[in-house]
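Structure, as structure tokens:
Counting starts at 1 for both ligands and their atoms, following the listed order. Just so you know, these numbers use all the heavy atoms, side chains as well, and skip hydrogens, waters and symmetry mates.
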Amino acid sequence: MADTSKRIYIFDTTLRDGEQSPGVSLNIQEKLEIARQLARLGVDVIEAGFPIASPGDFEAVRAVAREVEGPVIAGLARMNDRDIDRAWEALQEAQKPRIHVFIATSDIHLKYKLRMSRQEVLEAVRRGVARARGYCQDIEFSPEDAVRSDLDFLCQVLATAIEAGATVLNIPDTVGYATPEEFGRLISQIRQRVPGIDKVRISVHCHNDLGLAVANSLAAIENGALQVEGAINGIGERAGNAALEEVIMALYTRRDYYGCRTGIVTEEIYRTSKLVSSLTGMPVQYNKAIVGKNAFTHESGIHQDGVLKERTTYEIMNPAMIGLVQNNIFLGKHSGRHALRSRLEELGFKLTEAELDKAFARFKELADRKKEISDRDLEAIVEHEVKHIPEKFVLEHIHISTGNRVVPTATMGIRVGEELKEEAACGEGPVDAAFKAIDKLTRIPVCLKSYNLNAVTGGKDAVGEVTVKIEYDGRVFIGRGISTDVLEASARAYLNAINKVVYEVGEENLQQASTAQ
Ligand code: KIV
Ligand code: ZN
């Protein structure tokens, strides 16, 4: 039996660094939904955002702090009074608040970005950490770009932060530059050289520019780090952060080697990954470790044969450990509401009556066109079409005429309250025609930024899952739609994004397109 007495704390920054991924923008409802799921997953800390960054960020941190119980809720602040005060304003209602203050310490950042001397940085750390500590008992300090900082200066800054009241020292590899041996050595040197280090917890925050974020985080744990920061699916600035599900499952699967445990409910990993991917619009690469579509799929005959005889021949983890339940019993058009409810509950979805009504209606529509509805289809229905914001525009009907020798034309019917509105438009292709017809109907000046189509399950009657990103007034909104008909899925996704614009901007503030886009 492995000795796993060392407890590693998991700090999730999906909502802060993760949301800094290019093109990702989450609204408050979406952030709350992810934060609640992270609490079910059992993370120790949720970094809910950067309150000074925008009023939306502030409100989201405040909402998570008020409503999500269990984990510590952290908010990020630069080392200045305004940031720190604003972070505290957002966090003060949390059961367990943490202010996370940071300032860069590498010469390159001091010279070109901060234009500060080392002495000025030391003074800012002393003042800033003490100010934050005046508000809250739990203070995390990060010397940004620690890996490229001069070691003597870094140790001096860390000692100053401890003296001023920091309780967690986070060592970021901001630009993903370190190798595992180097990073492990850095943590070990910090432990040997910084006075007072035994009074605080060492944390690490690794970026993935060289694909080493998880390896570096694990090397840090071997050298005494007790907290690991990262994001679900490894999302984040540039190439992203350490993928938390990989760190967690490495610690669990190789507990014989690392001798550590976490407080994570690993069975919630798969669902958390799906939720984050769906709400951020960032697909998970098929061969991604732990949560990729192929991570537990065996293609070669020899492997299939081995796994059928004994799963552990080719599987080092049981897929059930991450909550991936393989279910071969399908629901179909004769299945009732009760069967749907119990299958959804087995999949971990607890829906309100109104949500179940909506799920059931979409399930019946789909079952009319597709013989067997799989668990993945049901997940797609719930994640994409049920847990949603109020809809001003509801798709009623869509007719598209297309071919290689005709001009693609879409005729669309949309319900707006009691009224059914209809329009037709031509386009470069059928999707373009459908979106133009929707633009004519909604008259909201949006611009399509990206379009992504995926099959949820295999087969000719596979459910198509479309994700679109649109821009309105400089802000990005993500919409999703599913159907066995990819054109209908496209129209649903586009309308979903437009409904988000209406919901978030408010009908009274909407600009109107003078003519169709
Ligand atoms: O990458 C980084 O250095 C950060 C800090 C704010 C911790 O995200
Ligand atoms: Zn970062």
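Closest heavy-atom approach to atom 6 (C) of ligand 1 within the set R16, H205, Q20, H109: this belongs to R16.
The neighbour count for I108 CD1, taken as heavy atoms of other residues, nucleotides or ligands under 6.0 Å away, does not exceed 12. Within a 6.0 Å sphere centred on CZ of F153, other residues, nucleotides and ligands contribute more than 12 heavy atoms.
With a 4.0 Å cut-off on non-hydrogen atoms, D17 touches ligand 1 through its side chain and not its backbone. When heavy-atom distances to ligand 1 are checked against a 4.0 Å cut-off, H207 comes that close only through its side chain, counted from C-beta outward.
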Trace of the side-chain hydrogen bond (donor to acceptor under 3.5 Å, both in side chains) decision for D85 with Y135:
CA-CA 9 Å; D85 296 355; Y135 288 128; 2.8 Å; yes
Working note: R185 + Q189, criterion side-chain hydrogen bond (donor to acceptor under 3.5 Å, both in side chains); need CA distance, chi angles, decisive distance, verdict.
CA-CA 6 Å; R185 207 177 318 121; Q189 282 168 332; over 6 Å; no
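For ligand 1, the atoms sitting less than 4.0 Å from at least one non-hydrogen atom of E144 are 3 (O), numbered in the order shown with element in parentheses.
The nearest protein atom to atom 3 (O) of ligand 1, hydrogens excluded, is given as T174 OG1, 2.6 Å; this is a heavy-atom distance. Of the protein's non-hydrogen atoms, the one nearest atom 7 (C) of ligand 1 is S142 OG, 3.7 Å.
Protein nitrogen, oxygen and sulfur atoms, that is N, O or S, within less than 2.8 Å of the Zn ion (ligand 2) amount to 3.
For the residue pair S203 / N170, a side-chain donor-acceptor distance below 3.5 Å is found, with atom types taken as modelled.
A salt bridge is absent between K274 and E465: the closest approach of a Lys/Arg side-chain nitrogen to an acidic carboxylate oxygen does not fall below 4.0 angstrom.
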